[in-house]
Each structure stands twice: as C-alpha cells, then as structure tokens.
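In what follows, a structure is listed as structure tokens, so that the remarks can point back to it.
In what follows, every chain begins at residue 1, and chains take the letters A, B, ... in the order their sequences are listed. Worth knowing before you read on, the calculation uses all heavy atoms, side chains too, and leaves out hydrogens, waters and symmetry mates.
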Amino acid sequence: MPELPEVENFKKYFDGTSLNQKIVAFDCADDRLLKQARDLFSNQLIGKHFESSKRIGKYFFVETNGDPTLVMHFGMTGRLTYYKDQEDRPKFAHIVFEFENGFHLGFENKRKFGWMDLTTSIDSYQKEKKLSDDARDLSWKAFYNALKNRKTFIKPVLLDQKVAAGIGNWMADEILYQAKIHPESKIEAMKEKQLKSIFDAMKKVIETAIEKEAVYADFPQDFLMHNRREDGNCYHTGDDIIKTKVGGRATYISPSWQKKID
DNA sequence: TCCTATGTTGTCAT
DNA sequence: AATGACAACATAGG
C-alpha cells in the first residue's frame with residue numbers, strides 16, 4: 001500500500017500513539033530488515049522516547065530525545081500497528097518497540113522489502129539519498145528542473161524519488177490519467193505546459209488522496225483507481241482500460257483518453 | 001508450477 | 001559523473 005498518502009496516514013497514526021513514551025524494549029525477528037547492527041538500535045533507542053516525526057516521500061523519520069533519528073521505509077507491504085498484549089502481535093510485525101506503558105508498536109512487513117535505519121540528521125540523510133523534497137511541498141521549479149533533461153518515458157521518471165519523493169506506482173498512473181497523458185510519452189517531446197499539467201495533476205492527486213485518507217473507494221468518481229484493473233473501463237470514454245508494462249512496472253492506461261506525446 | 005504484487009537498490013552498459 | 005535498463009531482493013496468494 002504505502003505511497004505518499006498511505007505513509008502520511010502512518011505518520012498520523014504514529015503521532016497519535018507512540019510519541020513521548022519511554023522505549024523499554026526493541027525486538028527484531030529478522031535482522032535483514034535492519035540497515036545497522038541490531039545492538040545499535042537497542043543501545044541507542046532503549047531508554048529514549050520518540051519526540052517528533054517527519055515524512056519525506058515514502059521515508060519516515062522519527063527524532064528522539066537524543067542523537068539518533070530512526071528512519072523507516074515500508075517497502076511494498078509495510079504498516080504500523082499499536083497494540084497492547086503480546087498475543088496481539090501481528091504475524092508480520094517483524095520489528096517491535098515496547099513502551100513503558102506496556103503497549104507495543106509493531107512494524108509489519110510481510111514481504112520484507114521494508115527496513116529501518118539510524119541517522120543523526122534528516123537533512124544529510126535526504127541529501128545522501130538525493131531524495132527530492134516531498135512531492136506535496138515540491139515547487140514547480142524544482143520539479144521542472146529535475147525532469148527537463150531526462151530522456152525517457154514520463155512514467156519511470158515520475159517514479160524516481162529524486163524527482164518527486166512519494167510518488168509510487170498507483171499514483172503515477174493516476175496522475176497521468178488525470179493529466180490525460182500517456183505514460184510512454186517522451187519527456188523531450190513534451191512542452192512545458194504539458195509538464196505543468198502533470199505537476200498540477202500530481203498536486204491534485206496527493207491532496208485528494210490525503211483528504212480521503214487513502215481510502216480509494218472514497219476517491220472522486222473520475223479517478224482511475226476505481227477502474228484500475230484489467231476489466232476496468234475509462235470513466236470518460238467508456239473504453240477498456242489496458243494493462244501493460246512501462247519501466248518494468250504494471251501500468252494501467254485509457255488509450256483513448258491519454259495522449260501519447262513522442 | 002507459475003505469475004503477480006502499492007518499492008528500492010545494485011550492476012552493467014552507455 | 002550521470003543516466004537508463006533491468007535484475008535482484010523476500011514472501012504470500014491466486
């Protein structure tokens with residue numbers, strides 16, 4: 001699930017449950033999910049508390065009342081669950097923090113593509129990863145600059161976290177559907193105005209999805225998400241939605257609605 | 001058995 | 001140094 005709006009939900013959930021409580025235990029069932037030695041997580045986090053959080057794209061940062069900042073990435077199948085009793089530990093909660101009040105925060109990750117890391121500075125971490133500003137805050141100028149010299153299809157570039165951090169596969173499809181542009185349009189062939197329409201669609205999709213708390217059923221009727229499947233039909237034209245692959249990722253298109261620019 | 005899945009990262013070639 | 005194409009990563013479920 002987790003693209004920008006879903007991770008925004010996780011942030012709200014985290015802020016509502018897990019801030020300002022002393023951490024008394026750290027458990028990890030599979031060290032492959034940790035980008036640092038397990039002891040480092042235990043030693044640096046136990047006894048501290050989470051003080052504030054920040055989301056940049058799909059990356060989730062948690063500052064503590066000390067040096068370490070925890071970095072989480074949810075991968076394809078991650079989410080957070082706050083629960084009390086050990087018996088309620090979700091099956092795929094491979095990483096668990098226990099708080100002084102007896103509650104637990106579980107980092108669920110069925111497919112184990114998610115991970116945790118430690119850093120001391122969000123800014124330097126962002127620079128190191130060359131992560132762009134969060135797509136929600138990103139300026140048109142920064143977006144345009146990151147895009148304009150690229151020489152491939154528009155969709156894979158939208159998925160590049162250096163361009164607009166937070167955009168994932170369903171959002172890229174939705175943005176291009178809203179902008180009426182085919183995912184295999186070549187950037188070099190596109191006019192600035194067309195790139196601006198993609199930027200505007202990106203902002204619209206982000207704000208809509210956050211407002212609806214990423215509950216797809218609540219999205220406006222003309223959103224692709226309602227028909228983003230192989231037997232779906234375009235809301236506007238009624239034509240079949242086509243499933244294909246672009247940049248190695250499953251891609252849904254309304255060919256009569258989305259213009260290919262090349 | 002084979003294929004797919006909402007993501008990133010490493011490798012290799014250009 | 002950058003960029004692009006693509007495989008690899010790990011796992012469940014249809």
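First and last contacting nucleotides of DNA chain C toward chain A (any atom under 4.0 angstrom from a heavy atom, 5' to 3' order): C:dG4 to C:dA12.
Counted by atom type alone, A:Asp240 and A:Asn233 present one or more donor-acceptor pairs between their side chains at under 3.5 Å.
In this structure, A:Tyr59 reaches the sugar-phosphate backbone alone: every heavy-atom distance under 4.0 Å involves primed, P, OP1 or OP2 atoms, never a base. Among the heavy atoms of the strands, none lies under 4.0 Å from A:Gly248. Across all strands, A:Lys243 comes closer than 4.0 Å only to sugar-phosphate atoms, never to a base (heavy-atom distances).
Between A:Gln161 and the phosphate of B:dG7, there is no side-chain N or O to OP1/OP2 separation shorter than 4.0 Å. Taking only side-chain nitrogens and oxygens, A:His73 comes nearer than 4.0 Å to OP1 or OP2 of B:dT8.
When the P atom of B:dA5 is taken as reference, atom CE of A:Met225 falls 13 Å away, rounded to whole Å. Remark: C1' of B:dG7 and CE of A:Met171 are 14 Å apart, rounded to the nearest angstrom. Straight-line distance from the CE atom of A:Met72 to the C1' atom of B:dG7: 17 Å, rounded to whole Å. Here the C1' atom of nucleotide B:dG7 and the CZ atom of A:Phe60 are 18 Å apart, to the nearest Å.
Using a cutoff of 4.0 Å between basic side-chain nitrogens and carboxylate oxygens, A:Lys260 and A:Glu184 are scored as salt-bridged.
A:Lys48 meets the side-chain hydrogen bond (donor to acceptor under 3.5 Å, both in side chains) test with no other residue; sequence neighbours excluded. When the side-chain contact (heavy atoms from CB on, under 4.5 Å) test is applied to A:Glu192, the partners found at least two apart in sequence or on another chain are A:Trp140, A:Tyr144. Partners of A:Asn227 under the side-chain hydrogen bond (donor to acceptor under 3.5 Å, both in side chains) rule, at least two apart in sequence or in another chain, do not exist in this structure. Here A:Asn109 pairs with nothing under the side-chain hydrogen bond (donor to acceptor under 3.5 Å, both in side chains) rule; sequence neighbours left out. The side-chain contact (heavy atoms from CB on, under 4.5 Å) check on A:Asp30 picks up A:Arg32, A:Lys112, with sequence neighbours excluded. Contacts of A:His236 classified as ring pair (Phe, Tyr, Trp, His ring centres under 6.0 Å), with partners at least two apart in sequence or in another chain: A:Tyr177, A:Trp257. Remark: A:Phe41 pairs with A:Phe26 by the ring pair (Phe, Tyr, Trp, His ring centres under 6.0 Å) rule, at least two apart or across chains.
Heavy-atom distances under 4.0 Å link DNA chain B to A:Arg111, A:Phe113, A:Trp115, A:Lys129 of residues 107-141 of chain A, given in residue order.
Hydrophobic cluster membership for A:Phe153: A:Val246 (Ile, Leu, Val, Met, Phe, Trp, Tyr linked by side-chain heavy atoms under 4.5 Å, directly or transitively). Through direct or indirect side-chain contacts shorter than 4.5 Å among Ile, Leu, Val, Met, Phe, Trp and Tyr, A:Phe92 is connected to no other residue.
The same atom, C1', is picked in C:dG13 and in B:dT8; the two are 22 Å apart, to the nearest Å.
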Inset, instruction - Could you summarise the pairing of DNA chain B as dot-bracket text, marking Watson-Crick and G-U pairs under 3.5 Å with ( ) or [ ] inside the strand and | across strands? - result: .||||.||||||||
